[in-house]
Structure formats: C-alpha cells, structure tokens
Amino acid sequence: MKIRFDATNLHAFMVGEHGLAPSEIKSNIPAAKAAIEQFQLAVKEGKYGFPELPFQTEEHREILAYAAQLQGSYDTVCLVGIGGSALGAWALDCALRGPHPVQKAFSVKNPRLVILDNVDPSFILAALESMNPRRTMVVVAAKSGATAETVAVFLHVKDWLTRSLGKKASQRIVAVTSEHRGDLKVLATQEGYRTFHLWENVGGRFSVLSAIGLVPAALAGMDIRKLAKGAAAITKLCWNRDLEKNVALKAALFHYLMLSYRNKTIQVAFPYSNRLWGVAFWFRQLWAESLGKRTNRAGEVIHAGQTPVAALGATDQHSQVQLYMEGPNDKVFTFWGVDKFPDPGRIPKIKTGLEAFDYLGGQTLAKLLTAERLSTAAALTAAHRPNCSFLLDRVDEEHVGAFLQIMEFETAFMGELLNINAFDQEGVELGKKFTFGLMGRRGFENFRDEFRAYEKKQQGR
Ligand code: PA5
C-alpha cells in the first residue's frame with residue numbers, strides 16, 4: 001500500500017509570497033510534534049476512539065457473519081441515516097463498487113446501496129417505489145438515536161416494509177446506534193432488531209470504520225477486512241513523530257500554515273478520480289464540522305475553520321478552474337491523484353486525418369487524466385496558487401481504508417494545531433432545536449416561540 005503527500009507547490013520557491021518559507025515550516029515543527037503528543041495522550045485517556053477502530057477484528061467478524069447469514073435474500077441495502085451516519089457508506093460505495101450511476105447491474109449477488117439521507121419527499125417516495133420490500137435490507141443508523149430526518153424517513157421505510165412483510169419486517173431491519181442512550185436503541189430493543197453499537201468516543205464524522213460504515217458496506221458485499229487492514233497499517237504510521245514518514249501530520253501542518261500564515265480560508269479537495277468523489281463529499285463534512293469553531297480551547301472567540309470545497313478532475317477544469325486561476329487567491333488546492341487503474345482505457349487508434357483527434361489515438365484515458373492533473377497543478381503554480389497532492393497507488397479496499405484514516409488523523413492534528421475541539425459540533429444545535437420547536441416536539445416550545453419572534457422581526461413588527 002502506497003500513499004504519498006507532496007507539498008512541493010506550497011513552498012515560496014514555487015508560488016512566491018503565497019507559499020511558505022523554509023524558516024516558517026521549520027519553526028512550526030515543534031508545534032506539529034506537540035499536536036501529535038497531545039492527541040495521542042487524549043486517545044490514551046479514552047477521549048477519542050477512531051484510531052482504535054481498524055483493530056476491532058472481533059466486531060468485523062460479527063458484522064461479516066451477520067451479512068453472510070442474509071446474503072442472497074436481498075438485492076438492495078437501504079441505508080437510512082444522515083451526515084456522519086451516511087456519508088462514509090456513500091464514500092465506500094463509490095470508491096469500491098464503482099462511481100454512481102455506472103455501477104454494475106444490481107442483483108441478489110450484487111446488491112446495490114440506496115442511501116436515504118434527506119427528507120425531500122420527491123426523493124424518498126421515489127426511492128421507496130424503486131425498491132422491492134421483499135428484497136431489501138434496511139440499515140437505520142443514528143448515533144444519537146433521535147435525528148429528526150433519520151427518524152422521519154425511517155418511519156416511512158418501516159411502514160413500507162411492514163405493509164409487505166407484516167411482523168417479519170423487523171427481521172429485515174438492522175439498527176446501528178449508541179448502546180446506552182437514544183430512542184432508536186429503545187425501539188430496536190422493543191422490536192427485536194439486530195443492533196450494532198457505536199462507541200461514545202467516536203463522533204459521527206469519524207465513524208466510517210465503525211459499524212456505521214461497515215454494516216452497510218458488508219451487507220453490500222465490500223471486503224471490510226481489507227479496508228480495516230489498510231487503515232490499521234496506516235494508523236501505525238500516523239503515530240510516527242517524523243514528519244517525513246507521517247503523511248497525516250505533514251498534511252495537517254502544511255494546511256495549518258496555509259490557513260494561519262497565508263489566510264487560505266478555502267481548501268479545494270480535488271480528486272482526479274470518479275471513485276474518490278464520494279470520499280470528497282465525506283471529507284467536506286469531516287473538515288468543515290470538525291474545524292469550524294467559534295472558540296479555541298481557552299474560550300477565546302477565534303472563528304476558526306477552512307471551508308472545504310469538492311471539485312472533480314478533470315470535469316471541474318471546465319467549470320471551476322477559471323475562478324481558481326484568476327479569482328481571489330484565498331484557496332489551497334489538494335489534488336488527489338491515482339497512479340494505477342485496473343484498466344487504463346486505451347483510446348482507439350482511429351485515423352481521421354484531423355488534428356484534434358489523431359494525437360490521442362493509441363494513448364490511454366488514465367494517461368490523459370494524469371496529464372490533466374499535472375497540468376492543472378502546473379498552471380495553478382504559475383498563477384502563484386499554492387497546491388499540494390495526495391497520491392494513491394490505486395483505489396482498492398486497503399488504500400481507501402488507509403486514506404480515510406489519514407484524513408481523520410489529519411483533521412485531528414489540525415484541531416490540535418488550531419487549539420480547538422475538533423470533536424464537537426455545537427454550531428448545528430440551534431437550527432435543530434428550532435426545527436424540533438416548529439415540528440411540535442415536547443420540551444422545545446421556547447424554541448418555537450423564539451422562532452416566531454424572529455419571524456415577526458423579519459416582517460418589521
Ligand atoms: O459528526 C457528527 O456527529 C454529525 O454530523 C452526525 O453524524 C450527524 O448529525 C448525524 O447524527 P446521528 O448519527 O446522531 O443521526
């Protein structure tokens with residue numbers, strides 16, 4: 001397994017004053033070392049659990065045994081969840097089973113994954129119509145066990161299953177939730193759903209390698225052992241104090257310097273791989289929700305964060321790159337490149353006698369994609385736009401498991417460097433409480449009243 005991080009184009013000698021001077025990097029190496037030490041201490045104290053997830057072989061065995069029992073009885077795995085309870089499974093599905101919408105035809109031998117992560121009725125009702133309740137396994141995933149979107153969609157799905165299967169519906173539902181709290185856990189116990197649990201010290205956006213990501217992945221036929229193997233191997237490297245051996249620490253330090261020293265408040269995650277497109281969306285949540293914080297650990301108001309943007313190469317060269325080249329120089333670009341494709345896609349050599357056609361014949365799509373990535377990096381560098389690259393040898397279970405784990409470690413290290421708590425998300429609570437108030441949930445009447453006052457203010461009353 002091979003994943004590299006190349007920071008060359010973040011240096012001043014490549015991008016001028018928008019890049020980093022050697023002295024700036026050198027003087028921050030102690031901060032990077034302190035970041036890893038602080039985070040390691042917190043993990044040892046049991047505060048954060050994601051680094052331990054790839055080593056849970058007993059749980060992986062249980063999940064695989066459960067999936068093996070059911071295999072052949074369904075052609076669709078329907079995941080009901082949102083945020084960290086959905087994005088990881090989506091990332092795994094795109095990466096390992098092929099980009100949407102060009103996966104192989106689904107069947108009981110190759111079940112598809114349908115992820116219901118919104119409450120748009122036109123999406124949910126159409127999804128239900130597209131699935132056969134007799135050939136569907138439902139995974140309902142919510143760490144809190146109370147997320148309004150997940151609960152509302154699950155009530156639809158449960159009713160839809162029960163209308164076809166009656167009491168047997170509960171055998172087609174598996175819940176992934178916290179062991180000791182939340183109404184989903186209560187319902188799962190009452191109804192006898194098979195249940196897998198999520199550790200309290202693993203936050204939703206860090207949970208892709210827990211049962212939250214692995215149960216739907218295993219039911220859909222992905223090799224979760226290989227995923228864990230790649231993540232376990234890289235975890236050992238992520239604890240290495242040597243910046244040159246620890247890609248997660250090096251990437252965190254350079255992104256931190258770009259944000260703090262060069263005010264690059266936007267990070268464009270730029271995969272040149274349709275298979276990694278889902279990972280880019282998963283990363284958006286990880287980076288945004290973990291690092292976007294009002295205060296630091298000392299309680300000072302700092303409004304930390306770097307806005308993550310996902311762009312797809314080469315597609316978005318024809319949509320975003322004009323802005324990236326000539327617009328505000330407020331971004332750092334992180335290319336995600338892939339060295340090897342199972343089939344590089346040889347371009348047919350058809351002589352047309354036409355300039356725009358004939359030079360491409362006999363080459364490969366993989367070579368063109370790589371040339372596009374390298375050329376975009378060179379062009380951005382020429383425009384003094386700092387950019388760096390993660391390079392994966394290939395997109396398979398081991399590399400994907402490792403890459404997800406690198407991103408999580410990088411985010412945790414970045415949180416330490418910024419001196420913020422990367423593992424809470426207080427900022428999403430107020431909107432949730434207004435929604436509960438508007439939807440009539442008991443105990444949230446004061447938020448309904450506050451919302452009404454806001455409406456009146458809007459109307460100038
Ligand atoms: O990272 C997080 O904790 C959140 O984004 C959650 O994943 C998201 O809000 C969904 O929460 P739950 O799993 O409780 O439904």
Side-chain angles (χ1 to χ4, degrees), residues 47-51 53 78-92 115-119 124 138-158 173-188 193 195-217 278-294 304-305 307-308 310 404-405 407-412 414-415 420-436 439 441 444:
K47 286 188 185 150
Y48 310 121
F50 81 81
L53 291 173
C78 172
L79 170 62
V80 183
I82 198 165
S85 294
L87 286 161
W90 193 51
L92 294 176
I115 301 178
L116 304 185
D117 64 348
N118 202 357
V119 288
I124 298 304
V138 173
V139 184
V140 53
K143 183 179 174 188
S144 60
T147 304
E149 297 90 337
T150 300
V151 169
V153 173
F154 179 62
L155 289 172
H156 264 285
V157 173
K158 179 172 157 39
I173 298 173
V174 49
V176 188
T177 191
S178 296
E179 190 168 5
H180 302 295
R181 68 182 170 104
D183 284 351
L184 176 58
K185 172 67 187 176
V186 177
L187 184 78
Y193 303 155
T195 305
F196 291 90
H197 297 119
L198 178 65
W199 299 345
E200 280 304 324
N201 65 358
V202 173
R205 55 193 176 274
F206 291 88
S207 69
V208 54
L209 296 174
S210 75
I212 287 268
L214 298 185
V215 168
V279 178
F281 277 83
W282 167 84
F283 170 75
R284 241 170 29 133
Q285 183 208 11
L286 181 68
W287 202 248
E289 216 167 67
S290 303
L291 304 178
K293 296 293 148 77
R294 194 172 75 88
T307 304
L404 296 168
Q405 194 75 340
M407 296 280 134
E408 293 184 10
F409 268 98
E410 182 191 353
T411 307
M414 182 82 167
I420 55 161
N421 180 357
F423 297 90
D424 65 1
Q425 57 280 327
E426 286 302 307
V428 300
E429 293 306 318
L430 185 58
K432 276 194 205 171
K433 287 172 183 162
F434 283 144
T435 306
F436 287 146
M439 295 300 283
R441 184 170 172 182
F444 292 84

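Since this is a predicted model, take the numbers as computed values, not measurements. What you see below is based on every heavy atom in this structure, not just the backbone, and it leaves out hydrogens, waters and symmetry mates. Remember, it's 1-based here, ligands and their atoms both numbered in the order they're listed.
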Under 4.0 Å, counting heavy atoms only: does Glu149 come that close to any atom of ligand 1?
no
Closest protein heavy atom to [atom], given as residue, atom name and distance to 0.1 Å:
| atom | value |
| --- | --- |
| atom 3 (O) of ligand 1 | Gly204 N, 3.3 Å |
| atom 6 (C) of ligand 1 | Gly84 N, 3.9 Å |
| atom 13 (O) of ligand 1 | Ser85 OG, 2.6 Å |
| atom 14 (O) of ligand 1 | Ser144 OG, 2.6 Å |
| atom 4 (C) of ligand 1 | Glu289 OE1, 3.2 Å |
| atom 10 (C) of ligand 1 | Ile82 O, 3.3 Å |

Lys293: salt bridge (Lys or Arg N to Asp or Glu O under 4.0 Å) partners, not counting sequence neighbours
Asp424
Check each atom of ligand 1 against the heavy atoms of [X] and keep those under 4.0 Å away; list them by number with element.
| X | answer |
| --- | --- |
| Gln285 | 1 (O), 4 (C), 5 (O), 7 (O) |
| Ala142 | 12 (P), 13 (O), 14 (O), 15 (O) |
| Lys143 | 12 (P), 13 (O), 14 (O) |

Please state which option from Val80, Thr147, Val140, Val428 has its nearest heavy atom closest to atom 15 (O) of ligand 1.
Thr147
So is [X] polar-close to ligand 1, meaning N/O to N/O under 3.5 Å?
| X | value |
| --- | --- |
| Arg205 | yes |
| Gly203 | no |
| Lys432 | no |

Could you please spell out the steps behind the side chain to side chain contact (heavy atoms under 4.5 Å, CB included) verdict for Val202 and Leu209?
CA-CA 10 Å; Val202 173; Leu209 296 174; over 6 Å; no
Verify, without hydrogens or angle tests, whether [X] (side chain) and [Y] (backbone) share a donor-acceptor contact under 3.5 angstrom.
| X | Y | answer |
| --- | --- | --- |
| Thr411 | Trp287 | no |
| Thr435 | Gly431 | yes |
| Thr147 | Glu149 | no |
| Ser178 | Lys143 | yes |

Do the ring planes of Phe423 and Phe50 sit parallel (below 30°), tilted (30 to 60°) or perpendicular (above 60°)?
parallel
Just checking Asn421: does its CG atom have more than 12 heavy atoms from other residues, nucleotides or ligands closer to it than 6.0 angstrom?
yes
Tell me, yes or no, whether the heavy-atom count around Arg294 atom CZ, taken from other residues, nucleotides or ligands under 6.0 Å, exceeds 12.
no
